[in-house]
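See below for the structure under consideration.
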Amino acid sequence: MGSDETEKVRQLPIGVFDSGVGGLTVVREIMRQIPNERIIYFGDTARVPYGSKSRETVTKYARQIVRFLKSCHVKAIVIACNTASSFALDQIEQESDIPVLGVVKPGVKTAVAATKNKKIGVIATEGTISSQIYTKYIQAVHPEMEILGKACPLFVPLVEEGLLEDPVTDEIAERYLGGLKDLGIDTLILGCTHYPLIRGTIGRVMGESVTLVNPAYETALALKQLLDEQHLLCETKPGLGDNKYRFFVSDGADKFQHFANSIFKYGILSAKQINIEEY
Ligand code: DGL
């Protein structure tokens, strides 16, 4: 590749996706850690939640989204969804000619570094918990560590509805997390990208002695390293009006845009609805 062409590839966007708004917690970190990068985000709002669906269905959805993102000429893909990472990352990696990154391995790395008593809790969707992926990854390297998983299926709809600080969310968090708290874990992985948006509630229930791990930070760091290794980091700052960040959804673009604007410091330009079934 000539140097002009290499420069063009570096300026291509990174594709990021999730079932809905959860992946925005990863986007937020990517924006912070590698601010030169352009991003194309897809939230599958018509088909959320993924957490209660089968491996086959989630893999089919993930493949469609990868095809859509590739049609936008992305240079790398981040699966900003634990459920899709648990079920489909290996397959998508095998099929892809561009780098693909999930959120599970980065989360594991942070949790292993954080725990002192070797008892780690994982809260996630039913799909992620039943896949046992966190237990497998952690115990492959640290068989002495105890991993205690708990599925929290109502957290995703609560977040999608914007009930981030709400008595209903407090009540559900108490029910889900009360038992986990008594098991003596000192570290809790927020194993669903929606959960950092209710981190305040989760932290209040778990108490100060439990370290909460948000895999988003380590994911953005891993992405930066990966792009750097592959000489894909964008070195120039995109100009204003350069479509730096673009957001797509499969339904409810206005609702998504409103939500995204409430969690980012500055407004996003717009969110556009597409028909993902066409991909
Ligand atoms: N945010 C996703 C995850 O990390 C998906 C949640 C869902 O759609 O159930 O698992």
Side-chain angles (χ1 to χ4, degrees), residues 16 18 22-23 25-30 32-34 51 76-90 92-93 99-152 155 173 176-177 179-229:
V16 183
D18 178 43
T25 59
V26 179
V27 165
R28 196 162 55 177
E29 268 309 318
I30 298 173
R32 197 152 37 204
Q33 293 190 36
I34 32 179
I77 291 176
V78 178
I79 306 183
C81 170
N82 287 263
T83 314
S85 298
S86 306
F87 283 159
L89 175 65
D90 289 348
I92 287 179
E93 246 178 348
V100 184
L101 200 77
V103 281
V104 175
K105 276 187 194 156
V108 162
K109 199 174 160 193
T110 318
V112 164
T115 185
K116 291 193 174 63
N117 73 0
K118 301 187 193 309
K119 274 191 175 190
I120 300 176
V122 180
I123 51 171
T125 64
E126 288 165 298
T128 302
I129 294 297
S130 69
S131 77
Q132 299 259 354
I133 194 155
Y134 278 97
T135 310
K136 282 181 207 154
Y137 278 152
I138 296 173
Q139 291 188 338
V141 188
H142 301 279
E144 76 286 5
M145 290 199 181
E146 199 178 335
I147 318 303
L148 299 147
K150 172 82 187 154
C152 305
F155 280 171
Y176 281 151
L177 305 177
L180 201 56
K181 203 168 106 177
D182 299 335
L183 296 175
I185 56 166
D186 71 349
T187 304
L188 180 65
I189 301 176
L190 307 182
C192 169
T193 52
H194 280 72
Y195 299 176
L197 294 164
I198 49 166
R199 189 189 179 118
T201 306
I202 296 170
R204 273 196 301 279
V205 176
M206 295 308 294
E208 278 175 12
S209 58
V210 177
T211 305
L212 301 186
V213 172
N214 172 6
Y217 175 82
E218 200 68 40
T219 302
L221 196 67
L223 175 66
K224 187 178 178 183
Q225 278 162 2
L226 183 73
L227 295 177
D228 195 19
E229 276 161 26

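- Across every non-hydrogen atom of Ala76 and Leu227, the tightest pair is CB-CD2, 4.1 Å.
- With Glu146 contributing its side chain and Lys118 its backbone, the two residues share no donor-acceptor pair below 3.5 Å.
- Remark: the backbone N or O of Gly149 is not paired with any side-chain donor or acceptor of Tyr134 at under 3.5 angstrom.
- Closest approach of Gly107 and Val213 over heavy atoms only: O-CG1, 3.9 Å.
- A pairwise comparison of heavy atoms in Lys150 and Ile129 identifies N-CD1, 3.6 Å as the closest pair.
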Could you give the side-chain donor-acceptor pairs of residues 181-192 under 3.5 Å, partners two or more places apart or in another chain?
residue	atom	partner	partner atom	Å
Lys181	NZ	Val205	O	3.2
Asp186	OD1	Thr115	OG1	2.7
Asp186	OD2	Lys116	N	2.7
Asp186	OD2	Asn117	N	3.0

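- The two residues Thr25 and Ala216 make their nearest non-hydrogen contact at O-CB, 3.5 Å.
- We find the CD1-CD1 distance between Ile133 and Ile138 to be 11.0 Å, quoted to the nearest 0.5 Å.
- For Thr110 (side chain) and Pro215 (main-chain N/O), no donor-acceptor pair under 3.5 Å exists by modelled atom type.
- Counting heavy atoms from C-beta on, the side chains of His194 and Asp18 come closer than 4.5 Å.
- Here the closest heavy-atom approach between residue Ala80 and residue Val16 is recorded as CB-CG1, 3.6 Å.
- Between Thr219 and Val26, the shortest heavy-atom distance links the atoms CG2-CG1, 4.1 Å.
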CA sep, side-chain torsions, deciding dist, call: Val112, Val141, side chain to side chain contact (heavy atoms under 4.5 Å, CB included)
CA-CA 10 Å; Val112 164; Val141 188; over 6 Å; no
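- The CD atom of Glu218 sits 13.5 Å away from atom NZ of Lys105, with the distance rounded to the nearest 0.5 Å.
- Lys136 places a side-chain N or O within 3.5 Å of a backbone atom of Ser131 that can act as its donor or acceptor partner.
- Taking CZ of Arg28 as the reference point, atom CG of Leu197 lies at 6.0 Å (rounded to 0.5 Å).
- Here the straight-line distance linking atom OG1 of Thr135 with atom CE of Met145 works out to 12.5 Å at 0.5 Å rounding.
- For residues 208-217, the set of pairs meeting the side chain to side chain donor-acceptor pair (under 3.5 Å) definition, not counting sequence neighbours, is empty.
- To the nearest 0.5 angstrom, Ile202 atom CD1 is 11.5 Å from Tyr176 atom OH.
- With a 4.5 Å cut-off on side-chain heavy atoms, Ile123 and Leu180 count as touching.
- A search for side chain to side chain contact (heavy atoms under 4.5 Å, CB included) contacts involving Ser85 returns Ile79, Val103, Val104, not counting sequence neighbours.
- Within the 3.5 Å criterion, the main-chain N or O of Leu212 finds a donor-acceptor partner in the side chain of Arg199.
- Rounding to the nearest 0.5 Å places CD1 of Ile147 at 10.0 Å from CD of Gln132.
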